[in-house]
Amino acid sequence: MNQRLHLATITDLCRFIEEAEQAPSLDELAARAGISAYHLHRLFKRITGVTPKAYAKAHRTERVRSGLHKNQAVTEAIYSAGFNSSSRYYEEAKQLLGMPTRQFRNKGKGSLIHFAVGQCSLGAILVARSELGICAISLGDEPNDLVIELQKNFAQATLIGGDSDFEQLVAKVIGFIEAPQLGLDLPLDIRGTAFQQRVWQALQKIPCGQTCSYTEIAELIGAPKAVRAVAGACAANVLAVAIPCHRVVRNDGNLSGYRWGVERKRALLDAESS
DNA sequence: GGTTCTCTGCCGC
DNA sequence: GCGGCAGAGAACC
């Protein structure tokens, strides 16, 4: 079977999973694809970066989200998304939505985001924290732009400018930016798809002072074909330096892009290598 | 708490 | 490239 056929097969299975009421079993998927369950499993993971089960799970989460966005009743959203008991859903609910379900349904109203802006060697820096942990670290020239971006990303939450307690946290993050080798022992509130989470986890394992290529990351997470998806996940990172997407460079050693400017990427890498 | 399903390393064709 | 087994672990009831 050639590459294109593989892709078509897996794409078909993805649609199939999305449309199914309940997550299809591996055997069902294999039968549909006309290959063994063993091989299908590997193929699926190689191409999409996640296993069929994880894919179905991620999609189920999406359904709950969109159900809640449409103001479906919480219980209804849970069941119609394919969960067959609400208790199973609630076991993982907070992980899935980043906040309690009811709060999510109320469009994040009531969720509080503390934030503050400061200056570091790289320019303006914004740090924000939700109930779960640090939910944004961004860099830029204009402090105002950073705040506007935060407002966009957390449109429904209540944003609270920094109090003195929070300034200490910002100081800690700035200290970490100036000396990344010290590490940042603060809880992170990381929100993303299953695939993005895998990429970000892999990024956090790159030691300070070292770099890695997109291809290497793709191989590391067991999805060697998903190089472009890896680049996409790096670009979607909202936790500058804490999730070190600046340590990912092109195969030829060129820096490629950086969400907060290539110059900052270079500065960070220079600082780390010395 | 037992059973079934998922996942992965290893090997054979 | 593809299939299969074994064993560990997770999900499910």
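Here is how names work: the chains are called A, B, and so on, in the same order as the sequence lines, proteins then strands, and each is numbered from 1.
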Looking at five pairs on each end of the helix from B:dG1-C:dC13 to B:dC13-C:dG1, what is the angle between the two axes, given to 10 degrees?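 Answer rounded to 10°: the end axes differ by 20°.
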
Closer than 4.0 Å, any side-chain N/O of A:R88 to the OP1 or OP2 of C:dA10?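 The answer is no; no side-chain N or O of A:R88 sits under 4.0 Å from OP1 or OP2.
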
Length of the [atom1]-[atom2] vector between [X] and [N], whole Å:
X	N	atom1	atom2	result
A:K225	C:dG1	NZ	P	7 Å
A:Q22	C:dA11	CD	P	16 Å
A:E28	B:dT6	CD	C1'	14 Å
A:L5	C:dG1	CG	P	13 Å
A:F83	C:dC13	CZ	P	13 Å
A:L40	C:dG1	CG	P	15 Å
A:L43	C:dG4	CG	P	15 Å

Sort and list the pairs that fulfil salt bridge (Lys or Arg N to Asp or Glu O under 4.0 Å) and have at least one residue in residues 18-29 of chain A, not counting sequence neighbours.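 Every pair satisfying salt bridge (Lys or Arg N to Asp or Glu O under 4.0 Å) with a residue in residues 18-29 of chain A: A:R15-A:E18.
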
For nucleotides 7-13 of chain B, read 5' to 3', which letter fits each nucleotide if B means a protein heavy atom sits under 4.0 Å from the base, S means only the sugar-phosphate is that close, and - means neither? SBBB---

Contact summary for A:S85 and A:Y79, nearest pair of heavy atoms: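 Scanning both residues completely, I find the closest heavy atoms to be CA-OH, 3.9 Å.
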
Hey, are A:R65 and A:E62 close enough for a salt bridge, meaning a charged N less than 4.0 Å from a carboxylate O?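 Salt bridge present between A:R65 and A:E62.
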
A:F115: what forms a ring-ring contact (aromatic ring centres under 6.0 Å, His included) with it, not counting sequence neighbours?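 Testing A:F115 for ring-ring contact (aromatic ring centres under 6.0 Å, His included), a comparison that skips the adjacent residues, returns none.
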
Check ring-ring contact (aromatic ring centres under 6.0 Å, His included) between A:Y89 and all other residues, then give those that pass, not counting sequence neighbours.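 Counting only residues at least two positions away or on another chain, A:Y89 forms a ring-ring contact (aromatic ring centres under 6.0 Å, His included) with A:F83.
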
Less than 3.5 Å apart, which donor and acceptor atoms pair up between the side chains of residues 226-237 of chain A and the rest of the protein, not counting sequence neighbours?
from	atom 1	to	atom 2	distance (Å)
A:N237	OD1	A:L239	N	2.9
A:N237	ND2	A:L239	O	3.4
A:N237	ND2	A:I243	O	2.9

Please enumerate all residues that pass salt bridge (Lys or Arg N to Asp or Glu O under 4.0 Å) together with A:D12, with sequence neighbours excluded.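 Residues passing salt bridge (Lys or Arg N to Asp or Glu O under 4.0 Å) with A:D12: A:R32.
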
Could you note down all residue pairs passing ring-ring contact (aromatic ring centres under 6.0 Å, His included) where residues 233-265 of chain A supplies at least one of them, sequence neighbours left out?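 ring-ring contact (aromatic ring centres under 6.0 Å, His included) check on residues 233-265 of chain A returns A:Y258-A:W260.
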
Listing, residues 137-148 of chain A side-chain donor-acceptor contacts under 3.5 Å, not counting sequence neighbours, or none:
from	atom 1	to	atom 2	distance (Å)
A:D141	OD1	A:R264	NH2	2.8

Nearest to the A:S25 side chain among C:dC13, C:dG1, B:dT6, which nucleotide is it?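 The answer is B:dT6, which lies nearest to the side chain.
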
